[in-house]
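One structure is given below, encoded as structure tokens.
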Number of protein chains: 2
Amino acid sequence: MARPSRTSQMPNLRESIRDVAWRQITESGASSLSLRRIARELGITAPAIYNYFSDRDALVTALIVDAYASFGDCQHEARNAYPGSGWEVDCLRAIGIAYRRWALDHPHRYLLIFGKPVPGYEPPMQEILPVMMRSLGALLATIGELHALGRLEVEGVPLPLLEPAHRFFALMETADEPMLAVYAVAMVIWSRVHGFVSLEITGQLPPFAEKGEALYGFELDSICRQFVRSQDR
Amino acid sequence: MARPSRTSQMPNLRESIRDVAWRQITESGASSLSLRRIARELGITAPAIYNYFSDRDALVTALIVDAYASFGDCQHEARNAYPGSGWEVDCLRAIGIAYRRWALDHPHRYLLIFGKPVPGYEPPMQEILPVMMRSLGALLATIGELHALGRLEVEGVPLPLLEPAHRFFALMETADEPMLAVYAVAMVIWSRVHGFVSLEITGQLPPFAEKGEALYGFELDSICRQFVRSQDR
DNA sequence: TTTAGAAATATACGGCGTATATTTACAATG
DNA sequence: CATTGTAAATATACGCCGTATATTTCTAAA
């Protein structure tokens, strides 16, 4: 009992809105996203968008989920390039390199995910957590394998708290202590990688312009040296 | 009616505008800054602000300079607490701890400086570079001292490019190679510290809520172990 | 053929930054 | 003291924005 009215002229308006939004974001940044501009470009009126997204924040959330999906794909592709055992360190490096590559290729998407996206917007965690955890999954799995092989150096790494009140509790309540150590190491690695990449794509690492890759490689080496024990122990 | 004798009621309107802007930022975030809200709170009309700031971006720039000044003070205070020689490692740690403390105490200022401040705003580098370099100065000086003492481990650290076309060239053209190594190590340390702190203040390190300090301490230890040679070599 | 309801429009409100023209208060000058 | 130039405020207006409300248009099901 509905009306696919525009179906003839504009089949998937919801997807068209998302597409145009992405184009505007990649052209002029996430903060300049405007429902009216999207509508203008699609030849419709602004309130029409409210038939597909309850408000601007809902659209932003959908875009963030998209971005996480693309980012997660890139992470898991890197991981899947090193199947089997014995290549965990190479896999770790590949994930790190893919992380930076994706960020450099999609700086606006990266900032949309990890920065302060749009003025008044606060991301709804229960919608974003799944895609967020999926994209962390590649890193977690690889570190987990290293741990299972006894090659993960975890001495001195503080473990996270697990209180029932915590948002992440549901995800982690079945985790044993080794899993917590894996998680902690992942967080440290993530924070290092994120620090470098976010400075680089916001242009705050200027003297290293063309040498960013070398300095990033140095950081990946540092990570491997610190957290991975050599194969022949 | 036009100009009531405001000079009597409100002597330093320019400073009052900045104060109110800071209050609004610390209360509701940098992105919700609004000239009209500021004017309303001061009992003046919005265009009156244009007598003191040429446009909204000029106000934001002034706020960023303020924030850098406060941040730089915090960094140099930490450094000055360890005068003389022999305490360089403690000094390095103190600077790192002060960095996180300041960010946690002033998250909005931190994001104003290092994040994507306001929608369409692009910071004018020639205004910001001085205060930015000053706040990096504490870290640079301490690492420089370690280097002068032969205690800085720089093996494998890639050096930055120094091309005349570069914005930073004027600052660095007198630098010799050791100075470049010092600069490179400072960038690595900065990116690690920034990565952790920015994730923490944007709430993306959830399971470590109360354990953030411990994990951060672990990172500072990692930095010292990697880049500082023990005193008795 | 009728009709319920989805999807679009028209219109409007209050917010924003800011450009323009106008008015006022004050200080320096004659 | 009177005049006047100017800086600082106001009034007004324009074009953006997100979005709420009411209304129209179309179509699929009854």
Side-chain angles (χ1 to χ4, degrees), chain A residues 1-18 20-21 24-25 27-64 112 116-124, chain B residues 1-18 20-21 24-25 27-64 112 116-124:
Chain A
M1 20 175 163
R3 178 202 174 195
S5 62
R6 264 201 187 252
T7 308
S8 46
Q9 320 163 16
M10 184 138 281
N12 285 337
L13 197 42
R14 185 173 212 275
E15 305 236 330
S16 304
I17 291 170
R18 277 184 22 209
V20 171
Q24 294 189 359
I25 282 183
E27 278 170 12
S28 30
S31 59
S32 73
L33 195 152
S34 143
L35 295 189
R36 291 185 114 113
R37 280 238 316 269
I38 295 170
R40 218 176 297 135
E41 190 163 332
L42 285 173
I44 61 177
T45 61
I49 296 181
Y50 284 70
N51 284 310
Y52 303 94
F53 299 95
S54 65
D55 54 7
R56 195 199 52 163
D57 288 5
L59 172 57
V60 172
T61 300
L63 296 176
I64 289 180
L112 185 66
K116 58 8 167 237
V118 197
Y121 176 78
E122 281 299 320
Chain B
M1 307 51 181
R3 179 192 175 200
S5 64
R6 182 151 300 287
T7 312
S8 50
Q9 321 167 12
M10 185 136 280
N12 283 338
L13 197 43
R14 184 173 212 275
E15 304 237 330
S16 305
I17 292 170
R18 277 184 22 210
V20 172
Q24 294 189 0
I25 281 183
E27 278 170 12
S28 29
S31 60
S32 73
L33 193 151
S34 142
L35 295 189
R36 292 185 114 112
R37 278 238 318 267
I38 295 170
R40 217 177 296 135
E41 189 162 332
L42 286 171
I44 62 178
T45 61
I49 297 181
Y50 284 70
N51 286 310
Y52 303 95
F53 299 95
S54 65
D55 54 7
R56 194 199 53 165
D57 288 5
L59 173 57
V60 173
T61 300
L63 297 176
I64 288 181
L112 185 66
K116 61 0 165 167
V118 198
Y121 176 79
E122 281 298 322

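Letters A, B, ... mirror the listed sequences (proteins, then strands); counts begin at 1.
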Take the protein atom [atom1] of [X] and the nucleotide atom [atom2] of [N], then report the distance between them rounded to whole Å.
X     : N      : atom1 : atom2 : answer
B/F53 : C/dG17 : CZ    : P     : 14 Å
A/Q24 : D/dC16 : CD    : C1'   : 14 Å
A/D55 : D/dG18 : CG    : P     : 11 Å
A/E41 : D/dC17 : CD    : P     : 12 Å
B/L42 : D/dA9  : CG    : C1'   : 13 Å
B/N51 : C/dA19 : CG    : C1'   : 13 Å
B/R56 : C/dG15 : CZ    : P     : 18 Å
A/I49 : D/dC17 : CD1   : P     : 11 Å

Please determine if a side-chain N or O atom of [X] lies less than 4.0 Å away from the OP1 or OP2 oxygen of [N].
X     : N      : value
B/S34 : C/dG15 : no
A/R40 : D/dC17 : yes
A/R37 : D/dG18 : no

Please write out the pairs of protein N or O atoms and N or O atoms of nucleotides 10-13 of chain C separated by less than 3.5 Å, giving the distance to one decimal.
none

field: Side chain of A/Y50 (C-beta onward), nearest among C/dG17, C/dA8, D/dG18
entry: D/dG18

query: Among D/dT10, C/dT18, D/dA8, which is the nearest nucleotide to the side chain of B/A46?
result: C/dT18

task: Check the pair A/L59, A/L33 against side chain to side chain contact (heavy atoms under 4.5 Å, CB included), reporting the backbone distance first and the verdict last.
output: CA-CA 10 Å; A/L59 172 57; A/L33 195 152; 4.1 Å; yes

query: Counting heavy atoms not belonging to B/E122, are there more than 12 under 6.0 Å from its CD?
result: no

query: Just wondering, do A/L42 and A/V20 contact through their side chains at under 4.5 Å, heavy atoms?
result: yes

In Å, rounded to the nearest 0.5 Å, how long is the span from [atom1] of [X] to [atom2] of [Y]?
X     : Y     : atom1 : atom2 : result
B/D55 : B/I49 : CG    : CD1   : 11.5 Å
A/T61 : A/R56 : OG1   : CZ    : 10.5 Å
B/E27 : B/S32 : CD    : OG    : 9.0 Å

- request: List the steps and the verdict of side chain to side chain contact (heavy atoms under 4.5 Å, CB included) for B/F53 and B/R18.
  value: CA-CA 10 Å; B/F53 299 95; B/R18 277 184 22 210; 3.8 Å; yes

